[in-house]
Visitor: 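One structure follows; several queries about it will come next.
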Amino acid sequence: MTQSTDIRRDGERPLLLDLFSCAGGAAVGYARAGFTVHGCDIAHRPNYPFPYHQGDALTYLAHLIASGEIRRYAFVHASPPCQHGCALTVGTNASQGWGRSHVDLVAPTRELLDATGLPYVIEQPNGRAEIRKDLSLCGEKFGLGVIRHRNFELGGWSIEQPAHVPHRGRVRGYRHGRFYDGPYVAAYGNGGGKPSVPELQAALGIDWTDVREELTEAIPPAYSEHIGAAFLATRAALEVAA
């Protein structure tokens, strides 16, 4: 059930905090849905298309809570680093002894988000990340050139789970030494038939960054536009009922 929290506005648009924002894949979708977006990322992100704070996201969120500034916001999106629990880390990389240990930031992120009293979303890829899969989205639902399954835990509100649209074929690239063609590109890594940067941009629906690392980490804006529009529709319905 949605918490009874007044929508904070910047002009006529509710204000959204985008934590672990990277280059703004989620942010652009929320802006298209009707939010004004502020980001926070520990890395320098000159391609991020909205105002953002450079620094540790959890430290920044704790500061906003302690200072009361968090009350300016209507909604929080968080995409904590997923290497601890993503399928690639716990699957192929781990089985081969590749990679390194990663810190799980999902639990401390959730704890602080609950302390805000605001509705929120925690986004993670498929894998072993300890989140509720209240919503799962796939690129095929939006006609994209990536599959990019993503799971979302919703805090303080709910959304209907759409039916999963069957995939039209395979992801293009090499698997165990064999090349497969298909309607989707692999939006991660390099080599092995991976897409060019322009192909990645087109497949994800992202045109404001051409940095491969940012593109491979981004969620398609179509996902967060869907989530943001659903949240705003829910809030509008509650305001009318009140």
Side-chain angles (χ1 to χ4, degrees), residues 18 20-33 37 39 41-50 52 54 77 79-96 98-100 102 123-127 129 136-152 164-228:
D18 176 25
F20 310 97
S21 55
C22 194
V28 168
Y30 285 120
R32 291 173 181 168
V37 180
D41 197 272
I42 198 166
H44 179 49
R45 299 292 184 185
N47 294 318
Y48 191 76
F50 306 109
Y52 90 109
Q54 183 178 350
H77 174 100
S79 295
C82 60
Q83 290 91 341
H84 172 82
C86 76
L88 184 61
T89 300
V90 302
T92 301
N93 285 7
S95 70
Q96 299 298 321
W98 300 338
R100 60 189 186 277
H102 298 279
E123 175 265 329
Q124 290 284 280
N126 274 346
S136 296
L137 294 177
C138 168
E140 184 56 36
K141 170 179 168 51
F142 305 99
L144 300 177
V146 290
I147 291 177
R148 184 138 285 192
H149 292 128
R150 287 296 182 268
N151 301 309
F152 302 87
H164 184 256
V165 181
H167 301 162
R168 290 171 285 130
R170 299 188 68 112
V171 176
R172 189 187 81 201
Y174 284 92
R175 303 290 184 278
H176 307 292
R178 179 180 175 184
F179 182 80
Y180 296 90
D181 201 359
Y184 310 104
V185 300
Y188 55 87
N190 284 294
K194 297 299 191 300
S196 66
V197 165
E199 287 177 316
L200 269 175
Q201 291 174 311
L204 291 163
I206 293 176
D207 60 7
W208 61 90
T209 179
D210 59 2
V211 177
R212 178 176 285 274
E213 174 261 342
E214 293 180 342
L215 291 165
T216 57
E217 290 187 2
I219 69 168
Y223 291 16
S224 48
E225 183 175 4
H226 173 80
I227 293 169

Visitor: Say you draw a straight line from CD of Glu123 to CD1 of Ile227; how long is it, rounded to the nearest 0.5 Å?
Guide: 8.5 Å
Visitor: What's the separation between atom NE2 in His226 and atom CZ in Phe142, rounded to the nearest 0.5 Å?
Guide: 5.5 Å
Visitor: Considering residues at least two apart in sequence or located in another chain, which fulfil the ring pair (Phe, Tyr, Trp, His ring centres under 6.0 Å) criterion with Tyr52?
Guide: Tyr48
Visitor: Looking only at non-hydrogen atoms, find the nearest pair between Pro49 and Ala23 and report the distance.
Guide: CD-O, 3.5 Å
Visitor: Provide the full list of salt bridge (Lys or Arg N to Asp or Glu O under 4.0 Å) pairs with a residue in residues 187-210, sequence neighbours left out, each pair given once.
Guide: Arg172-Glu199
Visitor: Can you give me the closest heavy-atom contact between Gly205 and Pro221, atom names plus distance?
Guide: O-CG, 3.7 Å
Visitor: side-chain contact (heavy atoms from CB on, under 4.5 Å) for Tyr30 and Asp18? Distances and angles first, verdict last.
Guide: CA-CA 9 Å; Tyr30 285 120; Asp18 176 25; 5.7 Å; no
Visitor: Going by the rule side-chain hydrogen bond (donor to acceptor under 3.5 Å, both in side chains), which residues pair with Thr216 if we only count those two or more places apart in sequence or in a different chain?
Guide: none
Visitor: What is the distance from atom CD1 of Ile219 to atom CZ of Arg148, rounded to the nearest 0.5 Å?
Guide: 9.5 Å
Visitor: Please name the pair of heavy atoms, one in Ala186 and one in Leu200, separated by the smallest distance, quoted to 0.1 Å.
Guide: O-CD2, 4.4 Å
Visitor: May I ask you to decide if the ring planes of Tyr223 and Phe152 are parallel, tilted or perpendicular, using 30° and 60° as cut-offs?
Guide: perpendicular
Visitor: Looking at residues at least two apart in the chain, or sitting in another chain, which of them share a side-chain hydrogen bond (donor to acceptor under 3.5 Å, both in side chains) with Arg212?
Guide: Asn190
Visitor: Can you give each donor-acceptor pair under 3.5 Å made by side-chain atoms of residues 164-171, sequence neighbours left out, with the distance rounded to 0.1 Å?
Guide:
residue: His164; atom: NE2; partner: His149; partner atom: NE2; Å: 3.2
residue: His164; atom: NE2; partner: His167; partner atom: NE2; Å: 3.3
residue: His167; atom: NE2; partner: His149; partner atom: NE2; Å: 3.3
residue: Arg168; atom: NE; partner: Glu140; partner atom: OE1; Å: 2.8
residue: Arg168; atom: NE; partner: Glu140; partner atom: OE2; Å: 3.1
residue: Arg168; atom: NH2; partner: Glu140; partner atom: OE1; Å: 3.1

Visitor: Can you find a pair of side-chain heavy atoms, one from Leu144 and one from Leu204, that are under 4.5 Å apart?
Guide: no
Visitor: Only counting residues at least two apart or in another chain, list the ones meeting side chain to side chain contact (heavy atoms under 4.5 Å, CB included) with Ala43.
Guide: Asp41, Arg45
Visitor: Mind checking ring pair (Phe, Tyr, Trp, His ring centres under 6.0 Å) for Phe20 and listing every partner two or more places apart, or none if nothing turns up?
Guide: none
Visitor: Determine the minimum heavy-atom distance between Phe50 and Val37, stating which atoms define it.
Guide: CB-O, 3.4 Å
Visitor: Once side-chain hydrogen bond (donor to acceptor under 3.5 Å, both in side chains) is applied, do any residues pair with Ser21, and if so which ones, sequence neighbours excluded?
Guide: none
Visitor: Output every pair passing salt bridge (Lys or Arg N to Asp or Glu O under 4.0 Å) with a member in residues 177-192, not counting sequence neighbours, ordered by first then second residue.
Guide: none
Visitor: Looking at every heavy atom in both Ala26 and Ser224, which two are closest together, and how far apart are they?
Guide: O-OG, 2.7 Å
Visitor: Which residues pass the side-chain hydrogen bond (donor to acceptor under 3.5 Å, both in side chains) test with Asn151, sequence neighbours left out?
Guide: Asn126, Ser136
Visitor: Verify, without hydrogens or angle tests, whether Gln124 (side chain) and Pro80 (backbone) share a donor-acceptor contact under 3.5 angstrom.
Guide: yes
Visitor: Restricting to ring pair (Phe, Tyr, Trp, His ring centres under 6.0 Å), what partner residues turn up for Tyr174, sequence neighbours left out?
Guide: Phe179
